[in-house]
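For reference, the structure is listed below as structure tokens.
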Amino acid sequence: MILTQKTLKPVLAARMLHMSAVKVLERPAPEPTVTSSFGRFISEVTPQHLSQVVLNRSKRMVLDNIGVGLIGTTTDVFQLALEHCQHMYGPDGVSSVYGRKGTRLSPTLAAFVNGVATHSMDFDDTWHPATHPSGAVLPALLALSDMMPINKPTGLDFLLAFNVGIEIQGRLLRFSNEARNIPKRFHPPTVVGPMGSAAACARLLSLNESQCSHALAIAASLSGAPMANAATQSKPLHIANAARLGLEAALLASRGLEASPLVLDDTPGVAGFSAFYEDYAPQRLEMPSENSKFLLEMQDMGFKRFPAHLGMHWVADAAASINKLLVGAGAGSVLPEHEARHSFQFNACTALLDGEVTVQSFTPAAIKRPNLHALLNCVRVENPNDNLANFNVMYGEVQVTLRGGDILTGRCDTFYGHWRNPLTNESLRKKFRSNASTVLPPEQVERLIDDVENLDQMEDCTPILSKLH
Amino acid sequence: MDFDDTWHPATHPSGAVLPSLLALAEALPRKPSGLELLLAFNVGIEVQGRLLRFSREAHNIPERFHPPSVVGVMGSAAASAKLLSLSALQCSHALAVAASSAGAPLANTATQTKPLHIGNATRRGLEAAQLVQLGLKGNPAILDMDYGFGIYYKDYNPSAMPDCADGGFDWALEKQDVAFKRIPAHLGMHWVADAALAARAKIEAVRSFESSEIRKITLRVPPSKYINCPLPTSQHQARHSFQFNACSALLDNNLTVDSFNNTQINRKDLKELLSKVKMETPEDNKPNFEKMYGAVELETNDGQRYAARCNTFYGHWRKPLRQEDLIQKFKSNASTVLTSEGVDGIVDVIENIENEKDCASLFSYLKMENQQKV
């Protein structure tokens, strides 16, 4: 096959074009790329583009994400990550760490440890197509806000940047059909998370269109981690690194680092962001308008009621509706906490036994319970053809056969907390109080709730930062 | 500068390993000996070579992920884990944690961000080992699973590492040397550069060379989009352009570090030559560093043709740089920032590194900054 390259002729003729009143010669503008449209969106979107629905939904996300971050500081993996940052890096006390009053780290490391906390219990929000959007963005924005010297962002600037980070992730996930199903290769927060974080930080830094586009491109080189680590102790680092590296990408772009101007476009023979997907069909991003809204307006967020993989919520709700005890004996093997959070069987049996699944269900003592293991020994899992691996259409069904022969069935199509059946504000605040009060005094917890509620009115978002520890 | 070594299957192995080992060695309370450092280095190289052999896709010039970002971070984690003397299980976890830091898309090569691919590979591999040392765990079957390390390849077929028997170990480096670059550009450029120089020599055997007398330049190269750049506008693009490297070599009868700076890139007579280039990708020219060739055919205004072909450029593993040329390259590079004492000192230490007690001298030589930098 012979590939002929056209020889290039300098286009000098253009300089001699005359425009007459009668005939205006139009040279068509070069086709805008997908990548440049994203850069333009990030740099040009303003708070006026945020509707009330988007403002309300995103404030709920901010509150929930802070809460899960705070309780996440009680985990071993958070402690490990914090120790690593304190010992292996020089002191650079700039940005706050959730729940740790005397501790400050450099901005990217603060984003990292807060991100670890946020995802440490698999308690943070989930969207469709599947990812955990807020955890990849909020820690980075908080760290960046701490870093900005004098002109602290207003609450509305902060919320705008946050929504940019969410929107970019949602848009990217729609570039591939593969993204709609429960992932099998790349863990989605590691693919779109760094991009969302880079976008949000670029927005907060008020980078220009070109810098915003380069921030995304730089972040693409920091994206991608395998699903195999998703049910291990390393999983929280996926969100943590997304936040941290997206921030790093934006900071590098602000200093002038450049990368591919076509990273989001589909270039045969040279993969950009398309490298992470089998099928890839990118679309340009338009500024929000009457006809084109923020995705969050059209698709709400799912919040978890207990700290486990989203899929667990269906079987837990199905099982909770059958709350009878099965008497049995025998010891089972002990499941590591991370595996318990990703086990349909574990969550179903816990709900059968206790009537609900909570934060406490995953403590070592709870995991080891002999009566729980007796139930686990009786579990059989089926994958019916009509139950698709997709958070928008899946269901959970639990069928319990009692000793006497009676069969009890519970089914859940939409768990409470799913975007189709969202948590009420009261439930969301209850979750926040329960989480935040593990590390903060109650008055501070209440003030945080108020501050986030009023975030869009605040002249300066930093009072929130001082209440996080 | 795209000046670091290249291997087959393709990656830049040393750049992903050496910086993390040097950083770690300086930080360790008990300094490693030269032999320990060299062993850790070779572990990092070997792991990369082994991983690249898990996929047929890896044998060709890449199209999706930039290989140093895939195997480089694994090599760095392995080397760092070795230097830290982690247990066998910890070493597996280091690889697992590192896998979550792998994979950057090819689109960012030929840009200013490319060097960060190696930078991040080496840094994040080191971090993986450090986190594991603190107790972090990943998936210990990371290399076995399709949804583990396998996600970076379309075809993935892992095989177990053979045991280290008393008799020794079959290192990949023993069977397959690396290529060192003479030109700070993508490896593929070396073939066309050598072919262009040979074609020019053919002209000069019978007449004097005038670039204005060249009517047409035909390049025959393997198909690869990211190194096909008809008119580069940046240093990074120039290092990834068959066209640029051929024309630059033709024009100057040479291709050096300075050929890629902005003034050189923007020269009028160079752009003249570039406008005369026609690219062909013959069927028999495979996008594979073991099999490819570069051919240049020049046609002058009076209709004469002068052609040359390069199958194996000087510096390729089939035709390795002689030791004196390798040292010459090192001295030329290092003396831009180090004093001659530092430069010569490093050459001596590395020559003898397996006998060094603690490499302290290496680190002091590395710090001997030449105050009057060029």
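All values below come from the heavy atoms of this structure, side chains included, with hydrogens, waters and symmetry mates left out. Letters A, B, ... are given to chains in the order of the sequence lines, protein chains preceding strands, and every chain is numbered from 1.
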Inset, instruction - Classify the angle between the aromatic ring planes of B:F260 and B:F244 as parallel (below 30°), tilted (30 to 60°) or perpendicular (above 60°). - result: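 Geometry flag for B:F244 against B:F260: tilted rings.
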Inset, instruction - Take the angle between the ring planes of B:H240 and B:Y226 and call it parallel below 30°, perpendicular above 60°, tilted in between. - result: tilted
With only heavy atoms counted, which part of [X] is less than 4.5 Å from chain A, the side chain, the backbone, both or neither?
X: B:R220; value: neither
X: B:A102; value: backbone
X: B:L116; value: side chain

Please determine, among [options], the option with the most heavy-atom pairs under 4.5 Å with chain A.
options: B:A27, B:P62, B:G148; result: B:G148
options: B:A96, B:G138, B:S224; result: B:G138
options: B:T109, B:L131, B:V97, B:N120; result: B:L131
options: B:I151, B:D146, B:T218, B:I142; result: B:I151
options: B:M145, B:Q130, B:Q112; result: B:Q112

Heavy-atom pairs under 4.5 Å with chain B are the metric here; pick the option from [options] that has the most.
options: A:L245, A:D265, A:L80; result: A:L80
options: A:E83, A:M88, A:H87, A:K184; result: A:M88
options: A:P183, A:G224, A:P226; result: A:P226

Side chain from CB out, backbone as N, CA, C, O: work out which of these in [X] comes under 4.5 Å of a heavy atom of chain B, or both, or neither.
X: A:S223; result: backbone
X: A:L262; result: neither
X: A:H84; result: both
X: A:V77; result: side chain
X: A:M227; result: both
X: A:L237; result: side chain
X: A:E248; result: side chain

Inset, instruction - Please confirm whether A:F276 and B:F65 have ring centers closer than 6.0 angstrom. - result: yes
Legend entry - Shortest non-hydrogen contact between A:D266 and A:P268, atoms and distance: O-CD, 3.5 Å
Legend entry - B:L24 to B:S80 - nearest heavy-atom pair and separation: CD2-O, 3.7 Å
Inset, instruction - Dump the intermediate steps for side chain to side chain contact (heavy atoms under 4.5 Å, CB included) on A:C201 and A:L251, then the final yes or no. - result: CA-CA 8 Å; A:C201 294; A:L251 290 171; over 6 Å; no
Inset, instruction - Apply the side-chain hydrogen bond (donor to acceptor under 3.5 Å, both in side chains) test between A:K235 and each candidate in A:H309, A:H342, A:H338; give the one that qualifies. - result: A:H342
Inset, instruction - Please determine, by modelled atom types, if A:S213 and A:S210 share a side-chain donor-acceptor pair under 3.5 angstrom. - result: no
Inset, instruction - For A:D76, look at atom CG and say whether over 12 heavy atoms of other residues, nucleotides or ligands are found less than 6.0 Å away. - result: no
Inset, instruction - State plainly whether the residues A:E278 and A:R185 are in salt-bridge range, i.e. N to O under 4.0 Å. - result: yes
Legend entry - Heavy-atom check, side chain of A:R284 versus side chain of A:P32, under 4.5 Å: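 Yes, at least one pair of side-chain atoms sits under 4.5 Å.
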